[in-house]
Amino acid sequence: MTTPHRAPPTDATSRLKTEAHALLRTFCNNVNMMTRAVASLQSCKYIVCDCVGANLGAEGGKLSLIILLGVPLDEQKPHVYLIDAVALG
């Protein structure tokens with residue numbers, strides 16, 4: 001049995017991993033946390049969204065997680081909001 005060969009990480013890969021660990025993250029699973037997230041995201045230049053769930057886009061699909069990345073107007077670090085759609089109902 002052979003083990004797949006993985007190329008060593010490039011400088012770009014290492015930099016991206018380091019930057020990802022430096023991001024501010026907030027887990028939102030209640031209305032109070034969502035209110036704070038919305039207030040913070042309103043001042044962002046860009047908002048990037050990703051959704052996770054089972055059979056999204058199909059009848060009967062279930063949304064479980066919303067990931068929002070807020071990119072601020074100023075020099076502040078981007079902020080990631082992990083929104084628990086199941087808990088928020």
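In this chain, numbering begins with 1 at the start of the sequence shown.
- No continuous path of hydrophobic side-chain contacts links Leu24 to Leu68 [ILVMFWY only; heavy atoms under 4.5 Å].
- Between Cys51 and Leu63, some side-chain heavy-atom pair lies under the 4.5 Å cut-off.
- When each of Leu65, Thr26, Ile67, Leu88 is tested with Ile83 by the rule side chain to side chain contact (heavy atoms under 4.5 Å, CB included), just one qualifies, namely Leu88.
- Nearest heavy atom pair, residue Pro72 against residue Lys77, reads CG-O, 3.7 Å.
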TODO: Could you please spell out the steps behind the side chain to side chain contact (heavy atoms under 4.5 Å, CB included) verdict for Cys44 and Val71?
DONE: CA-CA 5 Å; Cys44 289; Val71 181; 5.6 Å; no

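- Here the closest non-hydrogen pair linking Ser64 and Gly53 is OG-CA, 3.6 Å.
- With values rounded to the nearest 0.5 angstrom, Leu69 atom CG is found 12.0 Å from Arg25 atom CZ.
- When hydrophobic clusters are built by joining Ile, Leu, Val, Met, Phe, Trp and Tyr residues whose side-chain heavy atoms come closer than 4.5 Å, directly or via intermediates, Ile66 is not grouped with Phe27.
- Here the straight-line distance linking atom CD1 of Ile47 with atom CG of Leu41 works out to 4.5 Å at 0.5 Å rounding.
- Between the side chain of Ser43 and the main chain of Ser40, a donor-acceptor pair closer than 3.5 Å is present.
- Put simply, the side chain of Asp84 gets close to the backbone of Ala87: a donor and an acceptor are under 3.5 Å apart.
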